[in-house]
Amino acid sequence: MENKNFKNQYIQLAINFSDLVRTTLGPKGMNKLVLGKNPVMTNDGATIIKSINADDPISLMFKNLAKNQEQAVGDGTTSTTILAGQFLSQALELLNKGMHRVTIINGFNLARNAALYKLNELAIEEDKKKIVLTTFGSKIPKDFSEKLANLIEGVDTKNLKMHQLENEDPSETEIIKGFAFEGFTVNDRMPKEAEGKIAVLDLTTNMENAKMAVQTSEELVKVNQQFRKFKKDIVNKLKENQVKVLFYSDTNPELESLLTQADIMAVVTYDRVKLDSICKTTGANAIADPESDYSQFVGYGKVRYLEGKKTIIVENENSPVSTLILRGQTKELLDETHRAVDDVIGVLKNMGEGKKNKIVGAGAVEVQLSLFLKEYAKQIVGKEQAAVEKYAEALESIPLILAQNCGLDAMDILSKLKSAHVSGLITLGVDDVKGISCAKERGVLEPLKLKTHAISSATDVANLILKLDDVYKGVEEGNE
Ligand code: ADP
Ligand code: MG
């Protein structure tokens, strides 16, 4: 008996962990948390899980589960975590009734396979714009989401960057061929706009390596001086190559004044990622050695400095990088839009277009799967039948929790949904206003891949935790 309690404690720990993110599921769950004390941390389940300070094996397993879902599909971490907890919660009931965990694991595997089969059958085709609008959901005003969806429709979101401009008219939000970032020219007298050859001088590697090698501050001063020695040569080489704009990663007053005299527009950034985006946009290659031949490294583009906005815009019509210049009145509004576009990029990245690779969200697909599995269970002869039924019940937790988080009478919504689905209305889901509505019509869709991955890995983790108990039991028996 002692051993059984010990096992249950482990499973209970996992259920408790999964319960932590319960209230963040769905559009309403998120909104509630955005108003909290620490908006950034509590914005979504993934962030919460990441920031939980726990290193026991169960917490680590859940952290990995979330990380894995995030990396593989970019979304769905909350659903995955909840599902794993619910599977275990159902397994616990079966264990308490005396079922062997191997039977439960076998039953769960049968259920998983059947669910994945049914998921593919339920997949539908839907266009990119609709997905974008769904992902924006209620986070962004309707006409602005329409505008953003139109803009995003035409670009490769894998190479889409974003830049925010405050105190501007949102209707002037645009996508440019190129890159924009917070920055300024190093001297006021430099040109504010230039078109032509562009050089990127990345001295951070040189400096970092050198700095790592030095031990004393005197030596560090020497390293810095070494670079300064090159300054005249640098500017001469830039002039020889007719470079109009220089992006570089060090500050040096003398170099600044030489560049100003040479009428070269110069911008400093230490950020590797930014330098990389500038290179991609302009076709330049970063020059790491100031003494090398610059001609093979230069790129081309048009650079503008928006002084009042502390913004540098680099454009090139052949740029593989595009940037969404988000305009809006306040920072808060822009941040919110930024997050929503990030979600869109994540979702699109994991979803091809045109094919049957979307499923109806808002709990609709889970109700379908649950009903299917309950029918399927009837065909199973053996103890696994009960495990498949319990697995089916666990899936119902998604619509149930969604309804709870919308402040609805969740049990009532769930039973209404189930009877509607039995009568063939298979796209009905949870609606925060109406209680129940056609989620497909509302455009609440999710990538098939997200759901497949969520169900599969939640099952794996639940089974793993059930097996973990097996190991502990074995050890104890061995000690007897
Ligand atoms: P996850 O980390 O699992 O993606 P979310 O907080 O994003 O968690 O919630 C996703 C769930 O919310 C999915 O089941 C999805 O279908 C549902 N959902 C998204 N938008 C809506 C909506 N407008 N109405 C009802 N349910 C929605
Ligand atoms: Mg989500």
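Counting starts at 1 for both ligands and their atoms, following the listed order. The figures here come from the full heavy-atom set of this structure, side chains too, leaving out hydrogens, waters and symmetry mates.
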Going by distance only, is there an N or O of G361 that falls short of 3.5 Å from an N or O of ligand 1? no
Test of proximity, D432 against ligand 1: N or O pairs below 3.5 Å: no
Can a side-chain donor-acceptor contact be found between T269 and D271 if the only test is distance below 3.5 angstrom? no
Quick one: does K451 get an N or O within less than 3.5 Å of an N or O on ligand 1? no
What's the verdict on side-chain hydrogen bond (donor to acceptor under 3.5 Å, both in side chains) for K129 and N150, showing C-alpha distance, side-chain angles and the deciding distance? CA-CA 7 Å; K129 192 174 161 191; N150 285 335; 3.0 Å; yes
Could you tell me whether D431 approaches ligand 1 through its side chain, its backbone, both or neither, with non-hydrogen atoms closer than 4.0 Å? neither
N/O to N/O below 3.5 Å, does that happen between L25 and ligand 1? no
Under a 4.0 Å threshold between the charged nitrogen and the carboxylate oxygen, would E70 count as salt-bridged to K67? no
So, is L402 polar-close to ligand 1, with some N/O to N/O distance under 3.5 Å? no
Is it true that R442 lies under 4.0 Å from ligand 1, counting heavy atoms only? yes
Per side-chain contact (heavy atoms from CB on, under 4.5 Å), D412 is matched among L414, D409, L408 by D409
Taking both backbone and side-chain atoms of T78, is any N or O found less than 3.5 Å from an N or O belonging to ligand 1? yes
Looking only at N, O or S atoms in D75, which is nearest to the Mg ion (ligand 2)? OD1
Can a salt bridge be assigned to the pair E396 and K374 using a cut-off of 4.0 Å between side-chain N and carboxylate O? yes
Does L450 approach ligand 1 within less than 4.0 angstrom via side chain, backbone, both or neither, non-hydrogen atoms only? neither
